[in-house]
Number of protein chains: 2
Amino acid sequence: MKDTRIKILDAAQDLVQRVGVNAMSYKHISDTVGIRKASIHHHFPKKENLVDELLKRCQLSYGAYYNDIVRGSDSAPEKLRKLATVFENGLSNQKLCLVGSISTDSSTLQEHSCRILEQSIQNTVTIFATVFIQGKKECSLSFTETAEDAAFAFFSFLVGTQIVARSCGGTEFFHKAAQIIIDALEK
Amino acid sequence: MKDTRIKILDAAQDLVQRVGVNAMSYKHISDTVGIRKASIHHHFPKKENLVDELLKRCQLSYGAYYNDIVRGSDSAPEKLRKLATVFENGLSNQKLCLVGSISTDSSTLQEHSCRILEQSIQNTVTIFATVFIQGKKECSLSFTETAEDAAFAFFSFLVGTQIVARSCGGTEFFHKAAQIIIDALEK
DNA sequence: TTAAAAACCTACTAGTAGGTAGGGTAGGTG
DNA sequence: CACCTACCCTACCTACTAGTAGGTTTTTAA
């Protein structure tokens, strides 16, 4: 079966988003996939391999997803609202952004994983930045520093609010917080 | 010795801020404090006890610290900058806000710990909110929704930016991001 | 049809986690 | 003086972690 590998990645991703990369174990994955623990090692010899591939896969899938939103015909503030909704939907399932979840445990990661993580963040920020470039052009957004810097700030805000709101306030608090920040960036 | 307990809490806090609450172990604490693992159990029978006390201690110490800033004579935007600097200084030592760090692992926490965590967040937000109330009064800050909501958004932003910047960009990125958000909230 | 390659299994290793049992010792109190 | 409590110790337990060895089944391809 080719899709056992995908099932493993799916289960791993779900676990990472819910409980974090350190609390995600091969045992947990084997339980949900319905495969023995040793068999997972056949597909991903070391856990670091799994983490690396998870990061790469998410960079692609979420990158495509973000791009869909960013390339649309909406105004810049509307696009920011749609991007925030992606995070809000994750939160409603008690799930954190994978990059955000792994970032918090970055100190226990291998160097090569950290590099992929860094690249994923930069990739996301680059996509987000196009919205801020558009916003500056159409005068719908106002911010100091560069569009890249603003994109970094906005992405970081979404990651943090997802984390804090999961512990306190849930999607309601998240939604209001996003509203405030987008309003503040709006001209 | 009375301060063994404090030494344990200090070591535990440092570990939680650097590697997260799940990667923090009694073994690690015993190594840095210079005491046997079993002796820590004398002071904190279960790990949950340690975590609970850590949260309560931080709520007091950081609460007092934030209050010092908030009660000062600065303008509201200046106070926000000072609050951001607290997080920036932590980041320069590779350390995350304790509440932020524990929040990411909240799914592996006991219920009572979650309640203390929630209370810590609400406490911090309440302190932060006074700055936004001041800002609205003196017309130095402009935001939609309530001051509490804005404080929640700002705190979440700081938590998230600390996490993301530790993986990508460091204090420079953090500083610029904080600049952008505070500028956006400034009238 | 046969042989190799891929996938999966049982059974195991070594290491670490949190936690416990029970003994030794120092300092204070009746 | 005896006693008690707080503190710290050695030694151990169970549960779980990532990872390995080596055999079996299934799939694929010549």
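Quick note on labels: first sequence line is chain A, next is B, and so on, each numbered from 1.
- Contacts classified as salt bridge (charged side-chain N to carboxylate O under 4.0 Å, His left out) and involving residues 48-58 of chain B (residues at least two apart or in different chains) are given here: B:R5-B:E53, B:D10-B:R57.
- Sorted by first then second residue, the side chain to side chain donor-acceptor pair (under 3.5 Å) pairs that include residues 63-72 of chain A, not counting sequence neighbours, number zero.
- Atom-to-atom, CD1 of B:I35 to C1' of D:dT10 comes out at 14 Å; the value is rounded to the nearest Å.
- Residue pairs meeting the salt bridge (charged side-chain N to carboxylate O under 4.0 Å, His left out) criterion with at least one partner in residues 18-43 of chain A, sequence neighbours excluded, are A:D14-A:R18, A:K27-A:D31.
- For A:N123, the side-chain contact (heavy atoms from CB on, under 4.5 Å) test picks out A:Q59, A:I127, with sequence neighbours left out.
- OP1 or OP2 of C:dC9 lies within a sub-4.0 Å distance of a side-chain N or O belonging to A:S39.
- Between A:R115 and A:E118 there is no salt bridge, since no side-chain nitrogen of the basic residue lies less than 4.0 Å from a carboxylate oxygen of the acidic one.
- Taking side-chain N and O atoms only, B:T4 has no distance below 4.0 Å to OP1 or OP2 of D:dC7.
- Judged as a side chain to side chain donor-acceptor pair (under 3.5 Å), not a single pair has a partner in residues 151-166 of chain B (not counting sequence neighbours).
- One interatomic measurement links the two molecules: CD1 of A:I6 to C1' of C:dA7, which rounds to 15 Å at whole-angstrom precision.
- For the pair A:D74 and A:K79, the salt-bridge criterion is not met [side-chain N within less than 4.0 Å of a carboxylate O].
- Computed from coordinates, the A:D31 CG to D:dC16 C1' distance equals 12 Å when rounded to whole Å.
- Nucleotide D:dC8 holds its P atom 13 Å from the CZ atom of B:R36, rounded to whole Å.
- Rounded to an integer number of Å, the gap from A:I29 CD1 to D:dT17 P is 11 Å.
- Between A:H43 atom NE2 and C:dA6 atom P there is a gap of 12 Å when expressed in whole angstrom units.
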Every protein N/O lying under 3.5 Å from an N/O of nucleotides 14-19 of chain C:
unit_1, atom_1, unit_2, atom_2, d
C:dA17, OP1, B:S25, OG, 3.1
C:dG18, OP1, B:M24, O, 3.4
C:dG18, OP1, B:K47, NZ, 2.9
C:dG18, OP2, B:Y26, N, 3.1
C:dG18, N7, B:K37, NZ, 3.1
C:dG19, OP2, B:K47, N, 2.7
C:dG19, N7, B:K37, NZ, 3.1
C:dG19, N7, B:H41, NE2, 3.4
C:dG19, O6, B:K37, NZ, 2.9

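- Following rounding to the nearest Å, A:R5 (CZ) and C:dC8 (P) show an atom-to-atom distance of 12 Å.
- The phosphate of D:dC8 has neither OP1 nor OP2 within less than 4.0 Å of any side-chain N or O from B:H42.
- In this structure, NZ of B:K7 is placed 13 Å from C1' of D:dC7, rounded to the nearest angstrom.
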